[in-house]
Q: 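This is the structure I want to talk about, given as structure tokens.
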Amino acid sequence: MELVDLSSIETVKTAIEGAIGIITLNRPKALNALDQPMCLAIDATLKAWAKDDRVAAVIIRGAGDRAFCAGGDVRAVREDGIAWKRGKSDGSMIRDFFRDEYRMNRRIRTFPKPYLALIDGITMGGGVGLSVHGTYRVATERTLLAMPETAIGLFPDVGASYVLPRLTGEVGIYLALTGGRLKAADALALGIATHAVPSGRLNELVAELVASIGQAEARAVIDRVLGCYMADAGRRELVDQRSIIDRCFGFDKVEDILAALDSDRGDFAAVTAAAIRTMSPTSLKLTLKQMRLGRTLDFDACLRMEYRLTQSVLAGHDFYEGVRTVLVDKDHAPKWYPGTLDAVDDSAVENHFRVPLQGDLSFPD
Ligand code: QUE
């Protein structure tokens, strides 16, 4: 097991100020992308703070001025996967990174004290998992939030199969398939954010919370202080499209969703259909099935389903191509395989949902 002291890694800084435990993601050059040691460190910290009487609440934020957290360190996962396919790695990162990330997501969801994420800047994929399962999500005018995994041959994970299908109407399915980006106003309207505060006031907000939270009544104090910092979140953009989204994304086949979008004359439908057509066909089909199933499953079962999917997706093709085209070569010219929705048959989709050879995700504590 782990021999390093997880409470003191450079990429995750922790401190207790007043009665608040503060976690700072500290990989600003990588937009605070999460790697496995960071997941383990956050998990261990929360496990300790859950029982620590000095800590009445937790704040998590990102270092630097661009991102809260851009996602998982998928570049590193891709490299380990390539080495594994060549017999040059035991593939432990593929098995263990997602396991440890999802266990951390569950730790946040079950954390017994108020947990507040300052989602200032880019908040995508794993960054959504670090925030949306907690008590409070504070957005700013710089928030840009999305689940963009279908663009990298993956699927929305970190509990997205629990959260997205429970959003109003078909908006969550739209976000999952297109990777659509939300700003503060839409995130707030959907309940993905709970508050909107000007980015320039976040340090002041943290200082005021540190000064005013005692051991008891942390929740009431946080509610009151956040209320004082609430700002106008700006214009909602997605509301205007709600009827199109609900009309077009209610189908159980991606082909039917595209047909519905194609039969709509508006710009939004055209732009949306074009965006979907750039995504991995396999990812699109997995994602839609995952979202429909997730609606019926509890949180742990959603994480188990997602873990199963990671193991089969990482044994396949499109994740490697997707990370290559978006993050390595940045040519944005993916060659998906299979290359069309037609060519992805139902049995191939079904197979992705099977229990992997190494077994299901478990939750030891
Ligand atoms: C989809 C994703 C991710 C992504 C882009 C996508 C993702 C992720 C990153 C990312 C971005 C900048 C970095 C970095 C990672 O981009 O999960 O290390 O510096 O982490 O289209 O899922």
Side-chain angles (χ1 to χ4, degrees), residues 10-12 25-39 42 62-82 93-94 97-98 100-102 104-105 117 119-132 142-161 163-164 172 174-182 192 272 274-284 286-287 290-291 306-307 309-310 313-314 316-336:
E10 278 302 307
T11 48
V12 176
L25 308 171
N26 189 35
R27 276 185 91 192
K29 287 187 187 129
L31 302 179
N32 298 319
L34 278 173
D35 60 18
Q36 193 190 1
M38 292 166 76
C39 293
I42 294 165
D65 55 14
R66 290 184 61 204
F68 169 63
C69 171
D73 190 351
V74 286
R75 261 181 279 232
V77 174
R78 174 176 178 272
E79 271 160 35
D80 187 57
I82 290 171
M93 192 187 292
I94 289 174
F97 169 70
F98 295 102
D100 294 333
E101 186 182 27
Y102 299 173
M104 173 194 73
N105 297 139
I119 51 171
D120 183 28
I122 296 165
T123 302
M124 297 192 183
V128 174
L130 274 175
S131 53
V132 76
R142 302 195 312 180
T143 298
L144 210 55
L145 184 147
M147 294 303 290
E149 289 89 350
T150 55
I152 58 163
L154 198 60
F155 58 89
D157 65 337
V158 297
S161 43
V163 173
L164 294 180
Y174 160 78
L175 294 173
L177 293 177
T178 65
R181 294 170 175 205
L182 301 176
I192 294 175
T272 301
I276 292 175
R277 288 192 165 96
T278 69
M279 304 303 184
S280 154
T282 300
S283 290
L284 290 169
L286 293 180
T287 297
Q290 171 210 0
M291 293 297 138
E306 292 173 5
Y307 183 74
L309 288 174
T310 62
V313 165
L314 270 287
H317 171 273
D318 279 2
F319 171 79
Y320 300 91
E321 174 64 2
V323 176
R324 182 202 66 74
T325 196
V326 172
L327 291 171
V328 180
D329 297 337
K330 303 183 186 178
D331 57 16
H332 296 275
K335 291 192 173 64
W336 305 123

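These numbers were taken from a predicted model, which means no experiment stands behind them. First listed ligand is number 1; within each ligand, the first listed atom is number 1. When reading the values below, keep in mind they use all heavy atoms of this one structure, side chains included, and skip hydrogens, waters and symmetry mates.
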Q: Ligand 1 versus Ala70, non-hydrogen atoms closer than 4.0 Å: side chain, backbone, both, neither?
A: both
Q: Could you tell me whether Arg75 approaches ligand 1 through its side chain, its backbone, both or neither, with non-hydrogen atoms closer than 4.0 Å?
A: side chain
Q: At what distance, to the nearest 0.5 angstrom, does OG1 of Thr11 lie from CG of Asn32?
A: 9.5 Å
Q: Within the distance-only criterion (no hydrogens, no angle test), does the side chain of Glu306 pair as donor or acceptor with the backbone N or O of Phe98 below 3.5 angstrom?
A: no
Q: Between Ser131 and Val128, is there a donor-acceptor pair closer than 3.5 Å when you use the side chain of the first and the backbone of the second?
A: yes
Q: Rounded to the nearest 0.5 Å, what separates atom CD1 in Ile119 from atom CZ in Arg142?
A: 12.5 Å
Q: Hey, which atoms in ligand 1 end up nearer than 4.0 Å to a heavy atom of Glu149?
A: 22 (O)
Q: Could you tell me whether the side chain of Asp157 reaches within less than 4.5 Å of the side chain of Tyr102, counting heavy atoms only?
A: yes
Q: Considering only heavy atoms of Ile152, which atoms of ligand 1 have at least one such atom less than 4.0 Å away?
A: 1 (C), 2 (C), 6 (C), 21 (O), 22 (O)
Q: Does the residue Gly125 have a heavy-atom contact with ligand 1, meaning some pair of atoms that are separated by less than 4.0 Å?
A: no
Q: Which residue owns the protein heavy atom closest to atom 20 (O) of ligand 1, what's the atom, and how far is it?
A: Gly72 O, 2.4 Å
Q: Return the residue, atom name and 0.1 Å-rounded distance of the protein heavy atom closest to atom 5 (C) of ligand 1.
A: Val326 CG1, 4.0 Å
Q: Quick check against the 3.5 Å criterion: does Asn26 have a side-chain atom that pairs as donor or acceptor with the backbone of Glu10?
A: yes
Q: Out of Met38, Gln36, Arg27, which one pairs with Asp73 under the side-chain contact (heavy atoms from CB on, under 4.5 Å) rule?
A: Arg27
Q: Suppose I only count heavy atoms of Leu31 and a 4.0 Å limit; which atoms of ligand 1 are within that range?
A: 12 (C)
Q: Can you tell me which portion of Leu327 lies within the under-4.0 Å heavy-atom range of ligand 1? Options are side chain, backbone, both, or neither.
A: side chain
